[in-house]
Amino acid sequence: MNLYINKAKKSDETALKRLFLNSFDDTLGFVNMFFSHHFNPDYTICAYDGDRIVGEAHLLPCEICGAPAFYAYGICVDAELRGNGIGKRIMCAIKDFGKAQNAAIVLHPENTDLFAFYENSGFYPCGEWCFEEHTATAAPAALLPCSATEYNEIRNNRFVNLLVWDDGSAEYALTQEMFFGLSAYKVITDNREDIVLCGKDSDGVFIKE
């Protein structure tokens, strides 16, 4: 194996999409949407075996507690080559990228089975967010239109600016949720603005956030 790690090239986009599709339970429509909004070769780490892409990770700019950071997303390795240390090499490259940018690296594992891998790669849990529970006894409130800018401002205020996205990322987040059949609304109760991210299923209406 002739393995090396480098930033992506624009010409790698098709190969990166193919690996992304083979690694995650996402549709081609979703992957195309993600890449159209967030593929930036300078913020994409690739593992190459010669000319073949065998691993990738995308780094999305954000802020953590007012400091620059990158959210690591779509970290994957070709299924046929897992267990050869490629994932660890990618994680080392991600950490080096963060040091070079003087920025923190944050991520959200898809499931708890991945915690040990990330901890062995030098990452550690930094907490979790909990949403308030609203019951049927809450006062009724109108669902108002919510722009991407309003969505971002309200969301940032509710997270007390722990994790802050720019307006472009918030607009993409809403586009992604709409892709999965959800809608975002602004709700005003007791002079306080909140957002509701909700959709319909066979049992009725469900609220995601």
Is Asn120 atom CG crowded by more than 12 heavy atoms from other residues, nucleotides or ligands, each under 6.0 Å away?
-> yes
Kindly write out the residues that satisfy side-chain hydrogen bond (donor to acceptor under 3.5 Å, both in side chains) with Ser36, not counting sequence neighbours, or none if the list is empty.
-> none
With a 3.5 Å cut-off and sequence neighbours excluded, list the donor-acceptor pairs that the side chains of residues 2-11 form with protein atoms.
residue: Tyr4; atom: OH; partner: Gly50; partner atom: O; Å: 3.4
residue: Lys10; atom: NZ; partner: Glu13; partner atom: OE1; Å: 3.1

Distance col, row Asn152:CG vs Ser147:OG, nearest 0.5 angstrom, shows 9.5 Å
Minimum heavy-atom separation for Ala57 to Ile75, with atom names?
-> CB-CG1, 3.8 Å
For Ile195 and Cys146, the nearest pair of non-hydrogen atoms, with its separation, is CG2-SG, 4.0 Å
What are the two closest heavy atoms between Leu143 and Val187, and how far apart are they?
-> CD2-CG2, 3.6 Å
Spell out, yes or no, whether Met33 and Met178 are grouped together once hydrophobic residues are joined by side-chain heavy atoms under 4.5 Å, including indirect joins.
-> no
By side-chain hydrogen bond (donor to acceptor under 3.5 Å, both in side chains), which residues pair with Tyr172, not counting sequence neighbours?
-> Gln176
Indicate the atoms forming the closest heavy-atom contact of Val54 with Leu19, along with that distance.
-> C-CD2, 3.8 Å
Quick one: side chain to side chain contact (heavy atoms under 4.5 Å, CB included) partners of Phe24, sequence neighbours excluded?
-> Phe20, Asp26, Cys76, Glu110
Around atom CD of Glu171, are there more than 12 heavy atoms of other residues, nucleotides or ligands at under 6.0 Å?
-> no
Is any side-chain heavy atom of Glu56 less than 4.5 Å from a side-chain heavy atom of Asp12?
-> no
With sequence neighbours excluded, residues passing side-chain hydrogen bond (donor to acceptor under 3.5 Å, both in side chains) with Arg82 | none
With sequence neighbours excluded, tell me which residues meet side chain to side chain contact (heavy atoms under 4.5 Å, CB included) with Ser183.
-> Tyr185
Using atom types as modelled, flag every donor-acceptor pair under 3.5 Å from a side chain in residues 38-47 to any protein atom, sequence neighbours excluded.
residue: Asn40; atom: OD1; partner: Asp42; partner atom: N; Å: 3.0
residue: Thr44; atom: OG1; partner: Asn40; partner atom: O; Å: 2.8

Ser169 side chain reached by Leu60 side chain, heavy atoms, under 4.5 Å | no
Side chains of residues 83-97: which donor-acceptor pairs under 3.5 Å do they make with residues two or more places apart or in other chains?
residue: Asn84; atom: ND2; partner: Leu81; partner atom: O; Å: 2.8
residue: Lys95; atom: NZ; partner: Ser121; partner atom: O; Å: 2.7

Contacts of type ring-ring contact (aromatic ring centres under 6.0 Å, His included), residue Phe30, not counting sequence neighbours | Phe180
Partners meeting salt bridge (charged side-chain N to carboxylate O under 4.0 Å, His left out) with Glu193 (sequence neighbours left out) | Lys186
Under the 3.5 angstrom rule, does the side chain of Asn22 hit a backbone N or O of Arg18 as a donor-acceptor pair?
-> yes
Report, one line per pair, each donor and acceptor closer than 3.5 Å where one atom sits in a side chain of residues 66-74; sequence neighbours left out.
none

Qualifying residues under side-chain hydrogen bond (donor to acceptor under 3.5 Å, both in side chains), relative to Asn32, sequence neighbours excluded | Lys17
Straight-line distance of Leu144 CG to Ile188 CD1, nearest 0.5 Å = 5.5 Å
